[in-house]
Amino acid sequence: MIDIQLLRSEIDTVAKRLAIRGYTLDTAGFGSLEEKRRQIQTATEQLQSQRNALAKQIGQAKAKKDETQAAALMRQGAELGEKVKQMEAENGTVQEELHKFVSLIPNLLHASVPVGSRPEDAVEQRRWGEPRKFDFRAKDHVDIGAGLGGLDFDTAAKLAGARFVVMKGAVARLHRAIAQFMLDTHTGEHGYTEVYTPYMVSGACADGVTSLAKFKDDLFKIDGRDLYLIPTSEYSVTNFMRDEIVPLEKLPLKFACHSPCFRSEAGAAGKDTRGMIRNHQFDKVELVQIVHPAKSYEAHEQLTGHAETILKKLELSHRVITLSAGDTGFSSAKTYDIEVWLPGQNAYREISSCSNFEAFQARRMQARFRNEKGKPELVHTLNGSGLAVGRTLIAVMENYQRKDGGIDIPLALRPYMGKIETIEPAR
RNA sequence: GGAGAGGUGACGGAGCGGUUGAACGUGCCGGUCUCGAAAACCGGAAUACGCGCAAGCGUAUCGUGGGUUCGAAUCCCACCCUCUCCGCCA
């Protein structure tokens, strides 16, 4: 949520900044809603004040045993009470309306975010390694997986329909090894605390990290309950801070979480339907940081670096881009995507998204710290994939494939794979 | 799933229909004392919002949401959560 005070005091500036990301702020609509709110709230509070004063007088009259006086005042109170109730209801409605209006506004972008709304408007920050060259025609992970007997989309479809996968044997183990490797790296070398969380969260938590009203169609909801399957553990982990005020010295908080992620992919019909690039269920190791507002951009660079480390250790060529204004997510002020080279697609594809949300999420979930003056202040929140496990598996399979259909295990993963150094094609 | 107990400020813990935003204690901040510290004593300190140039005034908040009442932390209802016992279970 953006700061409503800012909306009140500098609406034109806010509108201009939102326009950069292609969002048209209804300034007139806000103005009239805000005016209405001002009137109703003031009127309500005045009535409440009258009611409270009257109640106090009645109390005093009763204390003095002046029953006549008390009875007269109580008649007045009954009348006033009705008015108060009506006004309070009206006030509740307008406050809710205003809150809804504001909560649907996306975050303001950082000044360094490239203008534009197309993917091509993203700015490449850096590139690491060379796309691997093969002296044979490189296959994609679907064909490699079939050859290894390790990826089975037919069985998955039988179980749950499209966009799922069944992994078997050494490939399933490799998938597990990748997750372990990531967690160990982030906890052992980057100072993150490993956490395990619920895979379902309440609607309030979902609304804490983004707009539930806007994005509920992307989530799987538990039938008849206020519970959603997490589309990323950002949903569970960031909400550790919901309604909390932590001491200054606790910051920064750094959490790493391995979890499955569930996404309905409602708007992705026909996109990336082959293989396991875009599934309803995938594993991810998520990095979450809760930091002092003055440190969030520094933390953003570090967190992105932590995610990149995984790819470097796996010797996978990748690049880092700053998403364009139009592509930056609803809650984010600035996002770096890390894209890994996929020979099967002959392209760099997203494997991590690292965002600084500034106080946007913190304001939604009232996540605060006690600042240098001892006053509560909103924290800044960040997160990034470190990395998507399924897509990393794809990258490993495609980049480490051999002409005979087998794959080599990257050195960094071998400690997690027993004595296995390769996965050989199925007979 | 059944039976019971309970959810109050940073924490412990009173209050159980009326000057209670909330006693008291601990912790915290400032001061007195001290060479310094401890102890003792004095004082201060919640959050959000509204109106106002400001001083200030007002409103809301005692798990959440409703209700009763002139007035609710206190009474009633529903829900959530925690604890104890029983049952069941990975």
Side-chain angles (χ1 to χ4, degrees), chain A residues 1-9 11 30-103 196-208 212 222 224-228 236 239-251 253 260 359-360 362-379:
Chain A
M1 202 155 66
I2 68 172
D3 187 355
I4 193 164
Q5 305 287 11
L6 199 63
L7 222 42
R8 286 175 183 142
S9 60
I11 189 150
F30 177 79
S32 61
L33 193 55
E34 171 65 4
E35 181 53 34
K36 192 168 142 200
R37 186 227 96 228
R38 188 193 305 271
Q39 284 174 11
I40 293 177
Q41 183 171 336
T42 307
T44 305
E45 291 181 356
Q46 269 169 13
L47 283 174
Q48 286 171 327
S49 177
Q50 285 172 33
R51 177 200 61 194
N52 292 346
L54 196 59
K56 199 173 267 186
Q57 283 178 41
I58 294 171
Q60 285 163 350
K62 288 234 175 195
K64 281 186 238 154
K65 307 274 184 215
D66 188 347
E67 291 300 333
T68 328
Q69 168 89 6
L73 289 171
M74 275 161 73
R75 272 195 300 280
Q76 274 184 52
E79 213 172 297
L80 190 58
E82 279 312 305
K83 278 195 214 159
V84 172
K85 233 162 240 178
Q86 269 178 32
M87 263 336 259
E88 280 179 343
E90 238 178 283
N91 186 43
T93 306
V94 74
Q95 297 287 355
E96 208 172 293
E97 230 177 303
L98 190 65
H99 182 263
K100 197 172 161 194
F101 183 99
V102 177
S103 71
Y196 171 88
T197 76
Y199 297 157
M200 304 171 209
V201 295
S202 66
C205 289
D207 207 51
L212 180 59
I222 305 299
R225 304 199 52 173
D226 177 34
L227 282 176
Y228 298 82
S236 49
N239 274 288
F240 287 5
M241 281 295 294
R242 144 178 230 86
D243 292 324
E244 294 288 333
I245 301 174
V246 301
L248 178 66
E249 59 272 19
K250 289 257 189 187
L251 300 181
L253 290 166
F360 190 83
R363 190 171 293 109
R364 295 179 90 92
M365 63 178 84
Q366 285 303 300
R368 294 176 291 176
F369 71 106
R370 216 165 271 286
N371 68 18
E372 293 78 354
K373 288 177 189 149
K375 291 289 169 199
E377 183 179 337
L378 295 170
V379 296

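The sequence lines fix the lettering, A, B, ..., with proteins before strands; numbering per chain opens at 1.
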Once you round it to whole Å, what is the distance between [atom2] of [N] and [atom1] of [X]?
X: A:E88; N: B:C49; atom1: CD; atom2: P; result: 20 Å
X: A:D243; N: B:U47; atom1: CG; atom2: C1'; result: 12 Å
X: A:L227; N: B:C81; atom1: CG; atom2: P; result: 10 Å
X: A:E35; N: B:C51; atom1: CD; atom2: P; result: 9 Å
X: A:Q366; N: B:U64; atom1: CD; atom2: C1'; result: 17 Å
X: A:I245; N: B:G9; atom1: CD1; atom2: P; result: 12 Å
X: A:E249; N: B:C28; atom1: CD; atom2: C1'; result: 12 Å
X: A:Q95; N: B:G50; atom1: CD; atom2: C1'; result: 9 Å

Inter-residue atom distance A:N239.CG - A:M365.CE, 0.5 Å rounding: 4.0 Å
RNA chain B contacts made by residues 48-58 of chain A, counting heavy atoms under 4.0 Å: A:Q48, A:S49, A:R51, A:N52, A:A55, A:I58
Answer yes or no: does a side-chain N or O of [X] lie under 4.0 Å from OP1 or OP2 of [N]?
X: A:K85; N: B:U68; value: yes
X: A:Q5; N: B:G50; value: yes
X: A:K375; N: B:U47; value: yes

Between B:A23 and B:G12, how many Å separate the two C1' atoms, rounded to a whole number? 14 Å
Whole-angstrom distance between B:G9 and B:U61, as gauged at atom P: 15 Å
Look at the side chain of A:E45 and the base of B:G58, then say whether one donor and one acceptor between them are separated by less than 3.5 Å. yes
When the nearest nucleotide of RNA chain B is assigned to A:R75 and to A:R225 on a heavy-atom basis, which residue is associated with the more 5' position? A:R75
Kindly state each residue pair satisfying side chain to side chain donor-acceptor pair (under 3.5 Å) with at least one member in residues 69-89 of chain A, sequence neighbours excluded. A:Q48-A:E88
Which base sits across from B:G52 as a Watson-Crick or G-U pair, both distances under 3.5 Å? none
Is atom CD of A:E67 surrounded by more than 12 heavy atoms (other residues, nucleotides or ligands) closer than 6.0 Å? yes
Just so I know, are the side chains of A:M241 and A:Q366 near enough to count as touching, which here means a heavy-atom distance under 4.5 Å? no
Just so I know, are the side chains of A:R370 and A:P247 near enough to count as touching, which here means a heavy-atom distance under 4.5 Å? no
Of the candidate nucleotides B:C70, B:U19, B:C51, which contains the atom at the shortest distance from the side chain of A:R38? B:C51
